[in-house]
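A quick write-up on the structure given underneath.
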2 protein chains.
Amino acid sequence: MDRRIKKNQAAIMNALMQLIAEKEFEKITINDIAERADVNRGTVYSHYSDKYDLLDKCIEDQLTHLMESCYSADAKGPFPTKTPLLHTIKEIKQNAPLYKTLLSIKDVSSFRIHLNSMINKQIIEHMNETNLSIDDLSKSIFAQFISSAIVGVIEWWFNQSMPCSAEELTDRLWSLLEMNQLIPLKTN
Amino acid sequence: MDRRIKKNQAAIMNALMQLIAEKEFEKITINDIAERADVNRGTVYSHYSDKYDLLDKCIEDQLTHLMESCYSADAKGPFPTKTPLLHTIKEIKQNAPLYKTLLSIKDVSSFRIHLNSMINKQIIEHMNETNLSIDDLSKSIFAQFISSAIVGVIEWWFNQSMPCSAEELTDRLWSLLEMNQLIPLKTN
DNA sequence: ATTAATCTGTTGAAAAACCAACAAAACCGG
DNA sequence: CCGGTTTTGTTGGTTTTTCAACAGATTAAT
């Protein structure tokens, strides 16, 4: 990809991330973003249709990084061991203010949906790799069941202002996943 | 100035500064610089005729920042009190590896010359502001005398691997300047 | 000494970013 | 509710950057 595009998109996304940490999303103008990114206002529009679109792309980007940083550390597939799950949760905790904001923003195909679909996708992919004799419908339902559960727990954790440590949350979540036989299904 | 120019020049200069701290100037290629700056090679040539020209501009820039950061802190004119002189020397010391390299590079209208002429200019400017009845020749000679002395001492300090603290160097240098009646001449 | 590889500096055409200007929409404060 | 200000999204013309290709110079290795 063209160098300029890569740099400017990075600058713009970064600018929005900074601003989100500073003030309410609705109060942020395209001008603010362009100014912070040190980029012409038109350049923002050339890449994103509006600030909601931009936020959307930011979320996708953020989640991709999150996933990468977590899986690169250890193993493949969605949470084959407890470690990457813990990594993920810790990573989220580290950027808590950001993620909390992202989770709370309305008017957007929100962060929750993105996170859900990303985990969902990972689970389905992994089920397909380990060719099990399960029909597609069952797979879909199972994936949705698990991903919703994980995201829901994380969301709850945030809304309760993280009432337990990342480690404890991971332990308990892990137990539940085990109960659903997610682990034997993954450890190929 | 165009946003792109400003950003790219900054990136390029910054890249060279980094590289200088890492390896010998002669070993640095335009490619290295462009790569580090994340800029097309042609862009480097569009701003600077070659790496010597670039180094030249870097030095000028660096010295301008040095001067600014030192005078903005306290007072006007060249070393009206001891404080800005100490600031200058401390600032230089902080970036010692960089300045040491800059001082040692040949093949360039070198750092020493730049630093000298910059101090020289400052002194003359200040002499003109405090309208003294001194003929131009005397002014020029005096300015050259003092600036050479200061630069020479700093250079010596570097070459001896800074055998005394910045504070002590400043004290001694200040005494010498006093002896040359630089201070009464400056404190307007 | 002769390759091979790299580095230099330049070119031209295409892509991207710049800026200023615009009308329409949305947002205040009185 | 109104009038002034800000924000939005778009436009067109200009400048800059990019990329790929080039020939010549330099460097390193066989």
Side-chain angles (χ1 to χ4, degrees), chain A residues 1-61 101-102 104-110, chain B residues 1-61 101-102 104-110:
Chain A
M1 199 200 317
D2 192 301
R3 201 165 235 149
R4 292 167 287 185
I5 296 179
K6 205 178 55 208
K7 285 197 280 186
N8 278 336
Q9 286 188 345
I12 292 168
M13 288 193 177
N14 201 49
L16 178 57
M17 289 300 170
Q18 284 182 31
L19 290 168
I20 274 185
E22 294 172 17
K23 59 173 159 178
E24 194 186 333
F25 179 68
E26 285 306 324
K27 302 272 183 191
I28 298 171
T29 74
I30 298 284
N31 246 320
D32 294 336
I33 297 165
E35 204 171 318
R36 181 69 63 99
D38 193 17
V39 145
N40 190 277
R41 196 163 58 89
T43 307
V44 178
Y45 285 113
S46 77
H47 292 297
Y48 313 99
S49 54
D50 51 31
K51 67 174 178 175
Y52 302 100
D53 181 37
L54 168 58
L55 178 61
D56 227 50
K57 303 290 167 55
C58 278
I59 290 174
E60 249 179 77
D61 221 56
T101 308
L102 292 181
S104 69
I105 290 175
K106 310 290 177 202
D107 285 336
V108 189
S109 57
S110 86
Chain B
M1 199 196 320
D2 193 301
R3 203 164 230 148
R4 292 167 288 183
I5 296 179
K6 206 178 53 208
K7 284 197 280 187
N8 279 336
Q9 286 187 347
I12 292 167
M13 287 192 176
N14 201 48
L16 178 57
M17 287 302 170
Q18 284 182 29
L19 290 167
I20 273 185
E22 294 172 17
K23 59 174 160 178
E24 194 186 333
F25 179 69
E26 286 306 325
K27 302 270 183 193
I28 298 172
T29 74
I30 299 284
N31 248 320
D32 294 335
I33 297 166
E35 204 171 319
R36 181 67 66 98
D38 193 17
V39 145
N40 190 277
R41 197 161 57 88
T43 308
V44 178
Y45 285 113
S46 79
H47 293 297
Y48 313 98
S49 54
D50 52 32
K51 67 174 180 174
Y52 301 100
D53 182 36
L54 168 58
L55 178 61
D56 229 48
K57 302 290 167 55
C58 279
I59 291 173
E60 249 179 79
D61 222 57
T101 307
L102 292 180
S104 70
I105 289 175
K106 309 291 178 200
D107 284 336
V108 190
S109 58
S110 88

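Please read all numbers here as calculations on a predicted model, not as lab measurements. Order of the sequence lines sets the chain letters (A, B, ...), proteins ahead of strands, with each chain counted from 1.
- Atom CZ in Arg3(A) sits about 19 Å away from atom P in dT16(D), given to the nearest Å.
- Each of Asp50(A) and Asp2(B) was matched to the nucleotide of DNA chain D holding its nearest heavy atom; the match closer to the 5' end belongs to Asp50(A).
- Per the geometry, CG belonging to Asn31(A) stands 14 Å off P belonging to dC18(C), to the nearest Å.
- Residue Glu35(A) places its CD atom among 12 or fewer non-hydrogen atoms of other residues, nucleotides or ligands, all under 6.0 Å distant.
- Contact annotation: Thr43(B) reaches the phosphate of dT18(D) (side-chain N/O to OP1 or OP2, under 4.0 Å).
- Using a 4.0 Å heavy-atom cutoff across all strands shown, Asn40(B) reaches at least one base atom of the nucleic acid.
- Between dT16(D) and His47(B), no contact under 4.0 Å exists linking OP1 or OP2 to a side-chain N or O.
- A straight line from CG of Asp53(B) to P of dT8(C) spans 15 Å, rounded to a whole angstrom.
- Atoms CD1 and CG, from Ile59(A) and Leu54(A) in turn, are 10.0 Å apart once rounded to the nearest 0.5 Å.
- Taking only distance into account, the side chain of Arg4(A) never meets the base of dT18(D) through a donor-acceptor pair shorter than 3.5 Å.
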Per-nt protein contacts along nucleotides 22-27 of chain C (heavy atom under 4.0 Å; B base, S backbone sugar-phosphate only, - none) come out as ------
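- Taking NZ of Lys6(A) as the start and CG of Asp38(B) as the end, the distance is 5.0 Å to the nearest 0.5 Å.
- The main-chain N or O of Val39(A) is never found under 3.5 Å from a side-chain atom of Lys7(B) such that the two would form a donor-acceptor pair.
- Contacts between residues 5-19 of chain B and DNA chain D, counted as heavy-atom distances below 4.0 Å, involve Ile5(B), Asn8(B).
- Rounded to whole angstrom, the span from the OH atom of Tyr45(A) across to the P atom of dC18(C) amounts to 15 Å.
- Here CD1 of Ile12(B) is found 6.5 Å from OG1 of Thr43(B). Values are rounded to the nearest 0.5 Å.
- Atoms CD and CE, from Gln9(B) and Met1(B) in turn, are 5.5 Å apart once rounded to the nearest 0.5 Å.
- Considering all non-hydrogen atoms of both residues, Ala11(A) and Ala37(A) come closest at O-CB, 3.5 Å.
- Computed from coordinates, the Ile30(B) CD1 to dA25(D) P distance equals 18 Å when rounded to whole Å.
- If Lys51(B) and Gly42(A) are placed on DNA chain C by their nearest nucleotide, the residue sitting closer to the 5' end is Lys51(B).
- By the side chain to side chain contact (heavy atoms under 4.5 Å, CB included) test, Met17(B) is found to be paired with Cys58(B), Gln62(B), Leu98(B), residues two or more places apart in sequence or in another chain being considered.
- Within the 4.5 Å cutoff, the side chain of Phe25(B) has heavy atoms near those of the Leu16(B) side chain.
- Taking the side chain to side chain contact (heavy atoms under 4.5 Å, CB included) definition, one finds that Asn14(A) meets it with Gln18(A), sequence neighbours left out.
- In this structure, Met1(B) atom CE and dA17(C) atom C1' are separated by 16 Å, rounded to whole Å.
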Residues 27-34 of chain B side chain polar contacts: donor-acceptor under 3.5 Å, at least two apart:
{"from": "Thr29(B)", "atom 1": "OG1", "to": "Asn31(B)", "atom 2": "N", "distance (Å)": "3.2"}
{"from": "Thr29(B)", "atom 1": "OG1", "to": "Asp32(B)", "atom 2": "N", "distance (Å)": "3.0"}
{"from": "Thr29(B)", "atom 1": "OG1", "to": "Asp32(B)", "atom 2": "OD2", "distance (Å)": "3.4"}
{"from": "Asp32(B)", "atom 1": "OD2", "to": "Lys23(B)", "atom 2": "NZ", "distance (Å)": "3.2"}
{"from": "Asp32(B)", "atom 1": "OD2", "to": "Thr29(B)", "atom 2": "N", "distance (Å)": "3.1"}

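- Bending across the helix from dA1(C)-dT30(D) to dC27(C)-dG4(D), expressed as the angle between its end axes from five pairs apiece, amounts to 50° (10° rounding).
- A heavy-atom distance below 4.5 Å is found between the side chains of Lys57(A) and Asp53(A).
- Here dA16(C) presents its P atom at 14 Å from OH of Tyr48(A), a figure rounded to the nearest Å.
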